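Chain letters run A, B, ... following the sequence lines, proteins first, then strands; residues in each count from 1. As the structure is a prediction and not an experimental result, all values here were calculated from the model.
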Protein chains: 2
Amino acid sequence: MSAMTRAEAADVPDDGAPQTPERLRRLASRLLSQLTTRSDRLINEGLARADARKWHYAVLASLQEYGPGSQATLSRRTGIYRSDMVGVLNELTERGLVERAPDPDDRRRNTITISPRGRRRLRRLDKVLDELHDELLAPLSPVERDQFARLLTRLLDHHTRTS
Amino acid sequence: MSAMTRAEAADVPDDGAPQTPERLRRLASRLLSQLTTRSDRLINEGLARADARKWHYAVLASLQEYGPGSQATLSRRTGIYRSDMVGVLNELTERGLVERAPDPDDRRRNTITISPRGRRRLRRLDKVLDELHDELLAPLSPVERDQFARLLTRLLDHHTRTS
DNA sequence: CACAAACGTTTGTCGCACTAACGTTGTCGG
DNA sequence: CCGACAACGTTAGTGCGACAAACGTTTGTG
């Protein structure tokens with residue numbers, strides 16, 4: 001009970017390796033959040049270099065694939081909260097990537113439309129994100145990347161149904 | 001260019017399904033952060049019910065496995081920033097789970113020691129976390145859980161070496 | 001002995017998920 | 001027809017996690 005305490009704190013000079021406790025190394029939740037921290041940083045910095053944020057991409061992709069929609073619709077499709085959607089759309093309109101116009105059929109809504117410039121931007125961001133994901137998933141083979149994505153999708157699906 | 005716009009915003013009443021764009025569904029970074037959001041919430045709420053936070057677990061596990069250490073050492077072992085470590089250790093000492101005493105050999109440091117109560121708490125939290133991870137990984141078979149953990153570990157390792 | 005480095009601490013920043021509240025506008029049941 | 005209610009866009013604010021900056025104290029090092 002007292003023999004093996006202070007094993008490295010005084011004796012061993014702590015050679016480089018951060019010595020993560022095994023309990024933590026095995027914890028899926030921890031692996032997830034740690035990896036996500038790195039991943040988010042990687043993606044955010046990459047997108048920032050292209051004057052974009054991931055929310056921009058989400059909105060542009062949604063508009064491209066499903067056509068125009070109200071802010072609330074976009075909110076549901078992208079998972080961005082409607083509170084935060086306001087700012088995102090401000091940024092996108094500033095850059096001329098989308099257009100925000102009041103919906104004549106329902107004057108509570110704004111109709112958001114992607115612009116030609118927005119489409120070009122989306123294609124650009126597709127490339128940027130492709131490269132970034134190559135970096136993110138570098139240690140994995142194509143097959144493993146697929147496995148990984150499938151596992152993530154299954155877990156995410158389960159926890160969104162069971163919300 | 002105008003035929004398929006407003007495809008669902010007006011015509012279809014948007015039946016339940018949130019219609020996530022395919023571009024987003026395939027994005028590993030997005031899957032990661034979405035899942036981590038859910039995972040973090042699950043874990044945080046579960047630990048909160050046991051009057052704990054995940055940082056508590058990290059520190060207790062580190063102390064148990066490697067013995068006492070200074071706050072800076074703990075910081076490196078757990079990945080918690082030294083700025084935040086202060087508060088965590090306050091909470092842990094308040095609950096009598098660790099002891100913080102000035103190190104006589106180096107008066108800059110505090111030596112943090114786990115208490116018997118801390119050890120009991122750690123065992124309790126082991127159980128709590130086991131149950132929570134069962135919920136988190138529910139859709140996966142044991143083999144798949146292992147695959148998942150290995151993939152995460154490999155990715156994380158890669159991005160910590162290449163930090 | 002001067003200087004740099006490590007330690008613990010306080011304070012603050014940034015991004016993200018999320019809540020609360022408000023005024024406006026549409027819907028629907030009696 | 002109207003009164004209750006819901007949806008919309010917007011503003012402001014909360015909580016949390018990761019992190020930077022700066023400070024006084026203490027300790028090794030040239």
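- Distance B/N110 CG to C/dC7 C1': 9 Å, rounded to the nearest Å.
- The nearest heavy atom of DNA chain C to B/Q71 and to A/R53 marks one nucleotide each, and the one closer to the 5' end goes with B/Q71.
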Which is it for A/L31 and B/F148 under the side chain to side chain contact (heavy atoms under 4.5 Å, CB included) test, yes or no, and what are the steps along the way?
CA-CA 10 Å; A/L31 293 171; B/F148 187 56; over 6 Å; no
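- Nucleotide D/dA18 holds its P atom 11 Å from the CZ atom of A/R38, rounded to whole Å.
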What string of B, S and - do you get for nucleotides 24-30 of chain D, 5' to 3', if B is base contact, S is sugar-phosphate-only contact and - is no contact with any protein heavy atom under 4.0 Å?
--BS---
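- An OP1 or OP2 oxygen of C/dC16 is reached within less than 4.0 angstrom by no side-chain nitrogen or oxygen of B/Q34.
- Side chains of B/R82 and B/Q71: no donor on one and acceptor on the other come within 3.5 Å.
- In this structure, CG of B/L32 is placed 15 Å from P of C/dC16, rounded to the nearest angstrom.
- A salt bridge links A/R109 and A/D106; the closest N-O separation between the charged side-chain nitrogens and carboxylate oxygens is under 4.0 Å.
- Of the charged side-chain nitrogens involved, at least one lies within less than 4.0 Å of a carboxylate oxygen, so that A/D51 and A/R95 count as a salt-bridged pair.
- With sequence neighbours excluded, the residues satisfying side chain to side chain donor-acceptor pair (under 3.5 Å) with A/D146 are A/R150.
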Determine whether B/R76 and A/Q19 satisfy the following criterion, side-chain hydrogen bond (donor to acceptor under 3.5 Å, both in side chains), listing intermediate values before the conclusion.
CA-CA 8 Å; B/R76 283 177 227 115; A/Q19 292 189 294; over 6 Å; no
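- Sorted by residue number, the members of residues 40-51 of chain B with any non-hydrogen atom under 4.0 Å from DNA chain C read B/R41.
- Counting only heavy atoms from C-beta on, B/T37 has its side chain closest to C/dA17 among D/dC19, D/dA7, C/dA17.
- At the heavy-atom level, A/R100 lies under 4.0 Å from the strands shown only through sugar-phosphate atoms.
- Looking at residues 82-92 of chain B, you'll see B/R82, B/S83, B/D84 sit with a heavy atom under 4.0 Å from some atom of DNA chain D.
- The structure places CG of B/L155 at 9.0 Å from CD of A/E144, a figure rounded to the nearest 0.5 Å.
- Rounded to an integer number of Å, the gap from CG of B/L35 to P of C/dA17 is 13 Å.
- Annotation: side chain to side chain donor-acceptor pair (under 3.5 Å) contacts of A/S39 (sequence neighbours excluded): none.
- Under a 4.0 Å N-O distance rule, the pair B/D134/B/R145 qualifies as a salt bridge.
- Residue A/Y81 has a polar side-chain atom (N or O) positioned under 4.0 Å from OP1 or OP2 of C/dT19.
- Side-chain proximity of B/R76 to the nucleotides C/dC7, D/dC8, D/dA20 is greatest for C/dC7.
- Counting only N and O atoms by type, the side chains of B/R77 and B/S62 include a donor and acceptor under 3.5 Å apart.
- A search for side chain to side chain donor-acceptor pair (under 3.5 Å) contacts involving A/R26 returns nothing, not counting sequence neighbours.
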